[in-house]
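Indexing begins at 1, ligand by ligand and atom by atom, following the structure's order.
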Amino acid sequence: MPSPLLHIKSLTKRFGGVVAVDHMSFEIPDGSLTAIIGPNGCGKSTLFNLICGAERPQKGQILFEGADITTAKPEDICKMGIGRKFQNPSVFDEMTVLENLRLPALRLQNAPTSAEMLSLIGLTDRAADQAGSLSHGEKQWLEIAMVLMQRPKLLLLDEPTAGMTVAETRKTADIIKTLNREDGMTIMVIEHDVRFIELLECPVMVLAGGEILKSGSFTDISNDDEVRELYFGRRREVKHA
Ligand code: ADP
Ligand code: MG
């Protein structure tokens, strides 16, 4: 079996007494699309923060293409090929859509063309408009495209459909599937909206209390009693060390 693109080994992150990520281990194969779900506070964003180097774990290891990046600087992790979109869009409202896209490309060789990216996110006709005039959903797509300008090998998306309409949510699922299937990009998507996860048609990891409760297809996890209880019944308490 080829070595995974990302290998998480017994990763643990505590904030004071709260165990946000608890001895988590998993592998992400090159070219895969993975959805990560779980209730609020179960450690999803912390996991991404650890992978990007924004937070440091107390224990465990993160390997990317076989290299240990557990204590690497965020800018070096970014250069190695991990791109992350944050939960809230942070495009420059005063600049045009095209100017926003060109901004990350300025310091990069080998960036995709703005035209390619505009076409992917369906904003070709809006290129000359101020980014401030875009809808919330369109801003989210623009920000995904800005991250893509660095041609990441691994793309991390944290709740990319937050605040989107149903139509925008569907289009976001299509953009993600196109990137994965046509460009072979490895993508991890955090989301708490299970309807969106279903649209992604990919393996799902369910987190609870900083641990992996279940992994499987959407059908597997939606038929699982423990997962159903987590989503529709009593919520797990936050864990204390
Ligand atoms: P999720 O993204 O799944 O909603 P988070 O990873 O943001 O969850 O948070 C997991 C737990 O860690 C929560 O209890 C949260 O309050 C705590 N936490 C996250 N970041 C910090 C931080 N910087 N300082 C203190 N506690 C934090
Ligand atoms: Mg979060």
Undergrad: May I ask you to check whether His192 and Glu159 show a side-chain donor-acceptor distance below 3.5 Å?
TA: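 Distance-only check passes for His192 and Glu159.
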Undergrad: Which atoms form the tightest heavy-atom contact between Pro74 and Ala54, and what is the distance?
TA: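 So the two residues come closest at CG-N, 4.4 Å.
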Undergrad: For ligand 1, which atoms have a heavy atom of Thr46 less than 4.0 angstrom away?
TA: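 The atoms of ligand 1 under 4.0 Å from a heavy atom of Thr46 are 5 (P), 6 (O), 9 (O), 10 (C), 19 (C).
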Undergrad: Could you tell me which atoms of ligand 1, counted from 1 in the order shown, lie closer than 4.0 angstrom to a heavy atom of Gly43?
TA: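 Taking each heavy atom of Gly43 in turn, ligand 1 has 1 (P), 3 (O), 6 (O), 8 (O), 10 (C) under 4.0 Å.
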Undergrad: Give the contacting part of Asn40 toward ligand 1: side chain, backbone, both or neither, where contact means a heavy-atom distance below 4.0 Å.
TA: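 Under 4.0 Å from ligand 1, Asn40 contributes backbone and side-chain atoms.
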Undergrad: Counting backbone and side-chain atoms alike, does Asn40 have an N/O/S atom under 2.8 Å from the Mg ion (ligand 2)?
TA: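 It does not; every qualifying atom lies at 2.8 Å or beyond.
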Undergrad: Pair Arg126, Asp129 - check salt bridge (Lys or Arg N to Asp or Glu O under 4.0 Å), show working.
TA: CA-CA 5 Å; Arg126 308 291 304 273; Asp129 294 350; 2.6 Å; yes
Undergrad: Report, as yes or no, whether the 6.0 Å neighbourhood of atom CZ on Arg151 holds more than 12 heavy atoms from other residues, nucleotides or ligands.
TA: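 For Arg151, atom CZ is crowded (more than 12 foreign heavy atoms under 6.0 Å).
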Undergrad: Looking only at distances, can you tell me whether any N or O atom of Val18, backbone or side chain, sits closer than 3.5 Å to an N or O atom of ligand 1?
TA: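 There is no such contact.
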Undergrad: What atoms in ligand 1 come closer than 4.0 Å to a heavy atom of Glu55?
TA: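 Listed by number with element, the hits are 23 (N).
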Undergrad: If you count every heavy atom of other residues, nucleotides or ligands that lies below 6.0 Å from Arg170 atom CZ, does the total exceed 12?
TA: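 Result for CZ/Arg170: open.
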Undergrad: So if I count the atoms of ligand 1 from 1 in the order they appear, which ones are less than 4.0 Å from some heavy atom of Ala20?
TA: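 What qualifies from ligand 1 is 10 (C), 11 (C), 12 (O).
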Undergrad: Please confirm whether Lys13 makes a cation-pi placement over Phe15, using NZ or CZ under 6.0 Å from the six-membered ring centre and within 45° of the ring normal.
TA: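 Yes; both conditions hold, so Lys13 lies above the ring face of Phe15.
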Undergrad: Just go through Gly209, Gly41, Ala54, Gly16 and tell me whose heavy atom is the nearest to atom 10 (C) of ligand 1.
TA: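 When every heavy atom of Gly209, Gly41, Ala54, Gly16 is considered, Gly41 comes closest to atom 10 (C) of ligand 1.
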